[in-house]
Amino acid sequence: MKYYLDTANISDIQKILNVFPIEGVTTNPSILANESTSLKQLKEIQKIIGTEKDLFVQVIAKTSEEMINQAHQLLNEIGNQIVIKIPVSQEGLKTIKHFQHSNIQTLATAIFSSQQGMWAAKAGADYLAPYVNRIDNMSSDGVGVAQELLRIIDNYQFETKVLAASFKNVNQIQKLSLSGCHGVTVSPNLLEASFTHEGTRKSLDEFENDWVNKFQTLNF
Ligand code: G3P
């Protein structure tokens, strides 16, 4: 399963990149607004992660015509390898369809139902992003929607990939990794939480104590 970092915070990206083999960075308008910056920050992120990793950037416009213009602006300014995130409104679907036979990659975002994902796949989206925790918060089943998308892709042999988003706990990620989900995008804190374990820390403390008590050093 591919892991992406859902943030635009430069120091968090650098810190995670140093340790974890992630596949790229995803952003959205709220994430960028949180950093009080936009294009400059996106260019910086692209520079840090390099073109071998993926950067996902979302359009803000509401009409298809403006979405297409913004997509081209982003591709020109940041680089034509970025993936354009397009919300699954009707105008968004039209935009995804517009890019279907081009070499511009799209991710259909803010998916709350598997039928929305089905339409986005038919329109040619390269990625589908179900909002797992936001679906859970609507008394529905976010992991279930992502699993349904995986089945739809399999049933109809779509080439699109599920890049699930909006996670609030490791269990949601774990369930999707057991379901063969193609990718997940998670916040830096949650990504670290998916790896950190109290049992490991306790075991390492015990090894260190036993060694230092005997040899008064941490060397061989
Ligand atoms: O990439 C979409 C994601 O950022 C939404 O997550 O945590 O705001 O529900 P969240």
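When a ligand or atom number is given, it counts from 1 through the structure's own listing order. Numbers here are sequence positions counted from 1.
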Query raised in the report: Which residue supplies the protein heavy atom nearest to atom 10 (P) of ligand 1, what is that atom called, and how far is it?
Result: Arg134 NH2, 3.5 Å
Hey, which atoms in ligand 1 end up nearer than 4.0 Å to a heavy atom of [X]?
X	result
Lys85	1 (O)
Ala165	1 (O), 2 (C)
Asn28	1 (O), 2 (C), 3 (C), 4 (O)
Asp6	1 (O), 2 (C), 3 (C), 4 (O)

For the pair [X] and [Y], find out whether any cationic side-chain nitrogen is under 4.0 Å from an anionic carboxylate oxygen.
X	Y	result
Glu77	Lys43	yes
Asp210	Lys214	no
Arg151	Glu148	no
Glu192	Lys15	yes
Lys62	Glu66	no

Query - Distance flag, aromatic centroids of Phe20 and Phe195, threshold under 6.0 Å - result: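 When the ring centroids of Phe195 and Phe20 are compared, they turn out to be within the sub-6.0 Å range.
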Query raised in the report: Looking only at distance, does Lys168 have an N or O less than 3.5 Å from an N or O of ligand 1?
Result: yes
Query raised in the report: Just heavy atoms, cut-off under 4.0 Å: does Phe167 contact ligand 1 by side chain, backbone, both, or neither?
Result: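 None of Phe167 does.
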